[in-house]
There are 2 protein chains.
Amino acid sequence: MLRGALAALLSIEPDIEVLGSFSDGEQALQAVGKHRPEVLITDIEMPKMSGLELTARVKELYPGTHVLILTTFARPGYLRRALEAGACAYLLKDRPSEELADAVRSASRGARIVDPQLASQIWSTEKDPLTDRERLILRRAGDGETTAELAHSLRLTEGTVRNYLSEAISKLHASSRHEAARIARDKGWL
Amino acid sequence: MLRGALAALLSIEPDIEVLGSFSDGEQALQAVGKHRPEVLITDIEMPKMSGLELTARVKELYPGTHVLILTTFARPGYLRRALEAGACAYLLKDRPSEELADAVRSASRGARIVDPQLASQIWSTEKDPLTDRERLILRRAGDGETTAELAHSLRLTEGTVRNYLSEAISKLHASSRHEAARIARDKGWL
DNA sequence: ATATCACCATGACACCTGTCATGCATTTTA
DNA sequence: TAAAATGCATGACAGGTGTCATGGTGATAT
């Protein structure tokens, strides 16, 4: 519904033309190839292809298209990865809808726009305290792999696996592996 | 942003006037008292006062105002409770935004509109298999109360508490107390 | 060279969780 | 009335989870 509403609002602006609106990353990528828009607006968490992957693919195949990320998630990790992938703007969904049209205009000129609150966080970004082993195990544990599966596939004792997780939990000030995985993902460390 | 965008779209319709737009239930309730709109559009999960409570208060204080629920959650439990609270329409956010204006018009005439997919589910609603004790304990466990806290405050053994949770888990085909609580909430049993 | 440090790995321990078998009331059914 | 079913309560048990103390390796600094 948001997508439809924004498309309707933007197409009212005299200097903006809406070329299409799609519900997943693959369709969007295809449409970008076909219409070569000046600006692509995309969310991050989407079916089929994430907005981050979509951004990378678009910048690789059609570098003329500027990508504007519009998402709910105020995560420094997402922001950093979005910029690395070549996005030129990062807007949050809790901002008033009037900002969008201006953001689109700025994006079409290639200007960088980043939510100021978030922009400050990205530089104050503490660096990943996790060790390689810890990061690997935390990621896979966060994906639902069980202690036993991890131990077996890495040829470790279950105790060892639990120990890495314990270390990660402590370093991230979490209280369970799941919370630790969530925190690490938020910061873009996984 | 969605709220702003929808307000903008609705105010374009010649026969619809937007009287206000608020970010939490309390403000909305106050504004309804002041403007006495024909229709109130509200989400369910909101800060300060949930949309369900807001609906009940509005129907009690200003029964002339028709309430239209607009939410992400396709939960039969929410739908049932919304209708019980006096809502006259229940719309999902994943529908195209064009439907909203028509829904508002229907609502202003007092017509019942319910997402058809959801409407069918509400009658096929299996009834709550939980016993009083199980329901109470599952609710509080779902709110984060620990086994020990529950046992102490109910003057039960920890084993007993765990046993009720085990029963609930099995009846709801869940695999942990948290999942069980989530399922029960979805169905409106808590 | 050796002392220190970071990383990897292990097992013992305590705690928490869910399951099960059991017992006892109270209500419903035959 | 007797039998069965339902709900409440308990403790024993197995398995999972996080913490800790410990030891080994290799790289770096003194």
Side-chain angles (χ1 to χ4, degrees), chain A residues 75 77 80 124-190, chain B residues 75 77 80 124-190:
Chain A
R75 301 183 187 173
R80 197 171 48 67
S124 78
T125 191
E126 334 103 88
K127 74 169 186 311
D128 188 347
L130 298 176
T131 190
D132 284 354
R133 222 67 175 139
E134 288 162 3
R135 193 178 309 111
L136 170 70
I137 290 182
L138 182 58
R139 171 164 9 100
R140 292 173 58 170
D143 288 340
E145 257 180 281
T146 164
T147 307
E149 285 166 355
L150 279 165
H152 186 261
S153 90
L154 298 174
R155 271 147 243 259
L156 292 176
T157 315
E158 298 201 9
T160 308
V161 172
R162 288 205 304 277
N163 198 37
Y164 284 126
L165 290 171
S166 177
E167 273 302 308
I169 288 168
S170 140
K171 285 180 178 174
L172 303 178
H173 308 106
S175 65
S176 76
R177 58 231 265 150
H178 297 99
E179 191 188 348
R182 205 182 41 70
I183 292 176
R185 257 185 240 281
D186 269 24
K187 308 241 183 185
W189 292 335
L190 294 192
Chain B
R75 301 182 184 173
R80 197 171 48 66
S124 79
T125 192
E126 333 103 270
K127 73 169 188 313
D128 188 347
L130 299 177
T131 188
D132 285 354
R133 221 67 175 140
E134 289 162 2
R135 192 177 309 111
L136 169 71
I137 290 181
L138 182 58
R139 172 165 7 101
R140 292 173 58 172
D143 289 340
E145 257 180 280
T146 165
T147 308
E149 286 166 356
L150 280 165
H152 186 261
S153 91
L154 297 174
R155 271 148 245 260
L156 292 176
T157 314
E158 299 200 8
T160 307
V161 171
R162 288 204 304 278
N163 197 38
Y164 284 126
L165 290 171
S166 177
E167 273 302 308
I169 288 167
S170 139
K171 285 179 178 176
L172 302 177
H173 307 105
S175 64
S176 76
R177 58 230 266 153
H178 297 100
E179 191 188 347
R182 204 183 41 72
I183 292 176
R185 258 185 241 280
D186 269 23
K187 307 242 184 186
W189 292 335
L190 294 193

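We use all heavy atoms of the structure for the numbers below, so side chains are in, but hydrogens, waters and symmetry mates are not.
Side-chain contact between E158(A) and V161(A) is absent, with no heavy-atom pair separated by less than 4.5 Å. In this structure the side chain of L154(A) reaches within 4.5 angstrom of the side chain of I137(A), judged on heavy atoms. Residues Y164(B) and L156(B) form a side-chain contact, since some pair of their non-hydrogen atoms from C-beta on lies under 4.5 Å apart. The closest side-chain heavy-atom distance from K171(A) to E134(A) is below 4.5 Å. Looking at L172(B) and K187(B), their side chains never come closer than 4.5 Å, going by heavy atoms from C-beta outward. Between L138(A) and R135(A) the shortest side-chain heavy-atom distance does not fall below 4.5 Å.
We find that CG of L172(B) is positioned 12 Å from P of dT19(C), with the value rounded to whole Å. Atom P of nucleotide dC8(C) and atom CZ of R135(A) are separated by 10 Å, given to the nearest angstrom. The distance from atom CG of L156(B) to atom P of dG11(D) is 11 Å, rounded to the nearest whole Å. Distance, R155(B) CZ to dA9(D) P: 13 Å, rounded to whole Å. One can place CG of L130(A) at 11 Å from P of dC7(C), the figure rounded to the nearest angstrom. When rounded to the nearest whole Å, the span between NZ of K171(B) and C1' of dG18(C) equals 16 Å. Protein atom NE2 of H173(B) is 12 Å distant from nucleotide atom P of dT19(C), rounded to whole Å. L136(B) has its CG atom 16 Å from the P atom of dG7(D), to the nearest Å.
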Donor-acceptor pairs under 3.5 angstrom involving side-chain atoms of residues 173-184 of chain B: please list them, not counting sequence neighbours.
unit_1  : atom_1 : unit_2  : atom_2 : d
S175(B) : OG     : E179(B) : OE1    : 2.9
S176(B) : OG     : H178(B) : N      : 3.4
S176(B) : OG     : E179(B) : N      : 3.2
R177(B) : NH2    : T147(B) : OG1    : 2.6
E179(B) : OE1    : S175(B) : N      : 3.0

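Taking side-chain N and O atoms only, T157(A) has no distance below 4.0 Å to OP1 or OP2 of dA9(C). Side-chain nitrogen and oxygen atoms of R133(A) include at least one within less than 4.0 Å of the OP1 or OP2 phosphate oxygen of dA9(C).
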Give every pair of a protein N or O atom and an N or O atom of nucleotides 15-19 of chain D that lie under 3.5 Å apart, one pair per line with the distance.
unit_1  : atom_1 : unit_2  : atom_2 : d
dT17(D) : OP2    : T147(A) : OG1    : 2.9
dG18(D) : OP1    : R177(A) : N      : 3.0
dG18(D) : OP2    : R177(A) : NH1    : 2.4
dG18(D) : N7     : R162(A) : NE     : 3.0
dG18(D) : O6     : R162(A) : NE     : 3.3
dG18(D) : O6     : R162(A) : NH2    : 3.1
dT19(D) : OP2    : S166(A) : O      : 3.4
dT19(D) : OP2    : S166(A) : OG     : 2.5

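Using a 4.0 Å heavy-atom distance criterion, T160(A) is classed as a base contact.
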